[in-house]
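Read through the structure below, which is laid out as structure tokens, and then see the notes.
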Amino acid sequence: MHKCINKSIGNVYHLEQMVDNFFPYSQQQLEFDKPVQIVFQSDQTNAMKLLGKTAYYNPASHEVYLYVDGRHPKDILRSLSHELVHHSQNCRGEFKEDTGTELGYAQNDPHMRKMEREAYTKGNLIFRDFEDLIKRGKIIIDINFKNSGEPQMSLKEWKNKELNTLLL
């Protein structure tokens with residue numbers, strides 16, 4: 001029930017695979033019933049801003065936009081989790097047609113404040129729980145490195161390279 005689209009300048013192959021693993025868990029936790037499109041977005045100017053945008057949700061088109069330039073994949077996934085809460089809210093009919101996201105909307109509109117609080121709380125906890133389940137071996141993820149465009153190296157080659165680097 002999701003589709004990933006890469007509109008970024010980078011290779012998001014591994015990130016897409018992680019999203020494919022995270023999405024069913026998130027959907028189960030949030031119980032949304034409509035498909036969503038996840039767009040990986042580049043914005044070099046935004047990436048250089050200390051308080052630049054990280055992500056946003058478009059309720060009219062059911063799209064999540066994730067800014068990926070210069071960000072750690074884990075941070076991007078946390079942003080996705082937050083925006084999927086907004087998607088769930090939209091599926092429940094909680095977005096008003098005239099809902100604006102201008103500067104200060106989360107401070108001035110009590111309804112939007114409540115929705116943001118839910119997105120921050122649930123989004124962070126859902127991603128944290130997912131991460132902990134992986135670390136405890138309760139969820140097994142399989143990421144394919146073969147088609148990533150990255151050079152492949154066996155464990156033995158990697159170990160020898162590391163030892164040589166340390167010795168030098």
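All values below were derived from every heavy atom in this structure, side-chain atoms included, with hydrogens, water molecules and symmetry-related copies excluded. Keep in mind that this is a model prediction, so the values were computed, not measured.
Salt-bridge check for D132 with R136: failed, with every basic side-chain N at 4.0 Å or more from each acidic carboxylate O.
L15 and Y67 end up in different hydrophobic clusters when Ile, Leu, Val, Met, Phe, Trp and Tyr side chains are linked at under 4.5 Å.
Qualifying ring pair (Phe, Tyr, Trp, His ring centres under 6.0 Å) partners for F130, counting only residues two or more places apart in sequence or in other chains: F22, Y25. Partners of K74 according to the salt bridge (charged side-chain N to carboxylate O under 4.0 Å, His left out) rule, which considers only residues two or more places apart in sequence or in another chain, are E131. Judged as a side chain to side chain donor-acceptor pair (under 3.5 Å), and not counting sequence neighbours, the contacts of D75 are R71.
Here the shortest heavy-atom pairing between S79 and A55 reads CB-CB, 3.9 Å.
Listed by first then second residue, pairs satisfying salt bridge (charged side-chain N to carboxylate O under 4.0 Å, His left out) with a partner in residues 81-93 read R92-E94, R92-E118, not counting sequence neighbours. Listed by first then second residue, pairs satisfying salt bridge (charged side-chain N to carboxylate O under 4.0 Å, His left out) with a partner in residues 41-60 number zero, not counting sequence neighbours.
Distance check: C4 SG to F23 CZ gives 9.0 Å after rounding to the nearest 0.5 Å. Between H72 atom NE2 and L77 atom CG the span is 10.0 Å, to the nearest 0.5 Å.
A donor-acceptor pair is defined here as one N or O able to donate and one able to accept, closer than 3.5 Å; no such pair exists between the side chain of D69 and the backbone of S42.
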Ignoring hydrogens and angles, write down the donor-acceptor pairs under 3.5 Å from the side chains of residues 30-39, residues two or more places apart or on other chains.
{"unit_1": "Q37", "atom_1": "NE2", "unit_2": "E63", "atom_2": "OE2", "d": "3.0"}

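Between Y57 and H87, the ring-plane angle classifies as perpendicular under the 30° and 60° cut-offs.
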